[in-house]
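Down below is the structure, laid out as structure tokens.
Order of listing sets the numbers, starting from 1, for every ligand and every atom in it. Both backbone and side-chain heavy atoms feed into the values below; hydrogens, waters and symmetry mates do not.
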Amino acid sequence: MHQPKGISRSLSAIGIMAALVGGACSSKSEVTKGGVGTSASLTDLMKARNLSEADVNAALKTYTPTGRMDEYLTFASGGHGGQVIVIGVPSMRILKYIAVFTPEPWQGYGFDDQTKAVLAGGKRFGKDLTWADTHHPALSEQGGDYDGKFLFIGDKANARIAVIDLSDFETKQIVTSELIGGDHGAAFVTPNTDYIVETTQYPVPFGSVYADPAKEFKDKFRGAAIFWRFDRTKGRIDPEASFAVEFPPYTQDLADAGKLTSDGYAFFNSINTELTWGGNQEGNPPMESGYSKNDMDYLHVVNWRKAEELVKAGKAETINGMKVIRLATAAAEGVLTFVPESKSPHGVDVTPDGEDIVVSGKLDTHGTVFSFAKIKAQIDAKKFETKDPYGVPVLSFKDSIRGQVELGLGPLHTQFDDKGNAYTSLFLETVVAKWSVKDLKVIDKMPTHYNIGHLVAAEGDTIHPDGKYLIAMNKWALDRFNKVGPLLPQNFQLADITQTKMQLLYDMPIPLGEPHYAQMIKVDKLKPIDVYTPGEDPMTGKRSVNAVEPNKERVERRPDGVHVYMTAIRSHFTPDIVRVKQGDTVHWHIDNLEQAYDATHGFAINSYNINISIEPGEHSDITFVADKAGVFPLYCTEFCSALHLEMAGYFLVEPKI
Ligand code: K7E
Ligand code: CUA
């Protein structure tokens with residue numbers, strides 16, 4: 001693996017070029033022909049492409065020659081696409097879209113029985129959902145560090161959480177709770193991935209039952225934090241062992257889990273202590289001004305270990321299939337405490353040492369640094385300033401903070417490096433502000449293009465951030481790319497953060513959906529498989545009972561329908577003619593017999609909307625009713641071999657008489 005070490009050195013572009021060209025180019029190279037004239041020809045190149053020394057310096061830090069690999073992988077939300085984008089860093093090459101919440105044809109996701117079942121896990125009130133508003137991916141952690149095993153991501157619109165197994169980069173599970181009507185503080189993991197946290201944004205009455213907010217907002221509408229229990233050995237969320245903590249309808253926003261000293265706690269912002277619910281044609285102010293009336297909102301501090309104990313002690317109530325610690329219990333038992341925070345904040349981020357909690361003001365120019373030790377001391381001493389209307393104890397703001405840092409306009413989210421620095425995105429000022437966590441002083445600002453939302457630093461949410469690289473995830477692209485009509489891509493901007501001053505390296509358009517957040521992991525932590533073991537069902541990780549062995553291909557008629565046992569290997573399907581009768585239920589079992597890396601076959605049947613991807617060793621099942629009589633070509637959809645076009649056959653449906 002190539003590890004670019006050079007980025008910490010500040011060499012002039014020409015210096016680097018001379019070093020590289022002098023040391024690396026063979027006599028075949030055009031540029032070395034001139035000998036000492038080398039830099040002249042590179043200078044010509046720079047002139048021709050109108051590149052400055054700074055441009056070339058940036059290029060050399062990202063350019064990744066053919067065959068070289070990246071040092072980090074970034075897992076970014078695919079926004080409305082409901083997918084996850086895997087991006088190499090520093091090259092910023094897109095390596096994969098992982099299908100998560102929405103059907104995805106290339107991966108055959110949502111077409112075979114296995115992945116249909118995964119998607120069905122995310123149905124709400126029996127309804128199929130074919131889009132998602134993916135926001136926050138979270139890598140699994142052990143001891144507060146990414147372990148490279150799993151990835152989770154939340155769907156804000158539909159309150160869903162997905163589990164992706166990083167052994168094959170495939171989505172294995174989607175869960176949803178009809179308790180809540182959407183989420184935003186999701187997904188965030190506790191330091192050993194015991195729980196995946198999902199918090200509501202817009203409150204609804206539990207179960208989305210009808211109530212009129214004009215009369216019942218305060219009494220019936222509720223927020224909640226769901227703590228989804230993760231079973232690491234099974235690689236799945238266990239809904240039975242999960243629980244929720246009821247919140248007032250304060251419109252909770254982002255969340256983060258405590259770590260090290262603050263392990264066992266989780267922190268949630270809220271933006272609506274005003275209890276605004278809309279009604280701008282019913283005599284109320286527009287939502288956004290209603291939301292911003294009070295000077296303070298509440299940082300929710302949840303003692304989730306305590307909550308876990310209460311659930312075990314039977315102090316939770318089951319609502320919509322979820323064990324819920326009711327608000328009164330949470331307040332009385334010390335599970336939920338409030339700390340005033342500047343109004344309408346957005347990001348809440350726990351520092352790598354777990355000692356401080358950084359809350360960004362959005363409408364405030366400050367980042368507020370809360371001290372966990374100070375918060376905990378007040379909770380332990382039951383030193384409360386007041387109670388909110390729901391009986392939740394409220395601490396003193398002044399006694400809970402370590403200080404505030406004057407950041408600039410519109411602070412949103414914060415990441416950390418290995419040198420004690422924090423990086424906060426400033427949406428309105430459209431910069432990244434680098435500041436010292438210890439001194440609460442801004443060190444540098446880097447303009448972004450434009451209107452940065454989240455930002456992600458290498459291993460930036462762990463107890464051991466790497467520094468090195470940061471990606472600004474910008475909402476607006478404006479003049480950065482060629483025009484493509486009124487809908488523009490988002491702009492990911494890569495920066496080198498090894499020096500005191502941040503250096504912008506590269507712009508990458510993201511034309512899929514609006515990604516919100518991403519996490520960046522060192523590649524040596526990831527150990528994905530190359531092929532499945534023969535007959536493996538990727539959802540169980542085991543050999544399927546329907547796995548098809550070579551020479552045992554067959555078509556069997558049984559009481560439940562026709563079972564087709566088919567194999568695929570370069571360059572044929574066996575059997576290549578399949579005959580059924582109109583009205584038959586067809587159970588198609590298909591195995592890719594290949595064990596060669598990258599020897600994927602596709603399988604498609606015309607007109608029946610059947611299209612799957614079968615990776616080497618993979619077993620797949622498809623169930624459908626052959627209701628349309630006729631002749632339907634079937635063929636392989638991956639250009640797998642020189643005789644790929646010949647990898648075909650017919651599905652024959654004999655008409656009913
Ligand atoms: Cu877009 Cu994290 Cu959903 Cu901020 S959130 S930008
Ligand atoms: Cu198999 Cu193309």
Closest N/O/S atom of Glu638 to atom 2 (Cu) of ligand 2, by atom name? O

Counting heavy atoms under 4.0 Å, the part of Met473 that contacts ligand 1 is neither

Nearest heavy atoms of Ser77 and Glu514, plus distance in Å: OG-O, 4.2 Å

Measure the shortest side-chain to side-chain distance between Gln490 and Met473 over non-hydrogen atoms and say whether it is less than 4.5 angstrom. no

Considering just N/O/S atoms, say which atom of His601 is closest to atom 1 (Cu) of ligand 2. ND1

Which one holds for His184 and ligand 1: side chain close, backbone close, both close, or neither close, with close meaning a heavy atom under 4.0 Å? side chain

Check ligand 1 against His136 and write out every atom of the ligand that is under 4.0 Å from a heavy-atom position of the residue. 2 (Cu), 3 (Cu), 5 (S)

dist Gln493:CD -> Ile452:CD1 (nearest 0.5 Å) comes out at 8.0 Å

When you look at Glu198 and Val175, which way does the side chain to side chain contact (heavy atoms under 4.5 Å, CB included) test go after all the steps? CA-CA 11 Å; Glu198 181 188 29; Val175 296; over 6 Å; no

Evaluation steps, side chain to side chain contact (heavy atoms under 4.5 Å, CB included), between His587 and Asp621: CA-CA 7 Å; His587 305 269; Asp621 301 295; over 6 Å; no

Please state the angle at atom 1 (Cu) of ligand 2 spanned by SG of Cys640 and SD of Met647: what is it, rounded to 10 degrees? 110°

Per the side chain to side chain contact (heavy atoms under 4.5 Å, CB included) rule, which among Ile463, Val358, Asp256 passes with Thr351? Val358

Atom OG1 in Thr600, atom CH2 in Trp106: separation rounded to 0.5 Å? 8.0 Å

Please list, in chain and residue-number order, the protein N/O/S atoms closer than 2.8 Å to atom 4 (Cu) of ligand 1. His346 NE2, His413 NE2

Measure from atom 1 (Cu) of ligand 2 to each N, O or S atom of Ser641 and report whether any distance is below 2.8 Å. no

Looking at Lys475, which atoms of ligand 1 are within less than 4.0 Å of one of its heavy atoms? 1 (Cu), 6 (S)

Please work out the angle at atom 2 (Cu) of ligand 2 defined by atom SG of Cys636 on one side and atom ND1 of His644 on the other, rounded to 10°. 120°

Hydrogens and angles aside, do His346 and His413 bring a side-chain donor and acceptor to less than 3.5 Å of each other? yes

Heavy-atom side-chain proximity of Phe247 to Phe268 below 4.5 angstrom: yes

Among Phe111, Phe603, Phe573, exactly one meets ring pair (Phe, Tyr, Trp, His ring centres under 6.0 Å) together with Trp588. Which residue is that? Phe603

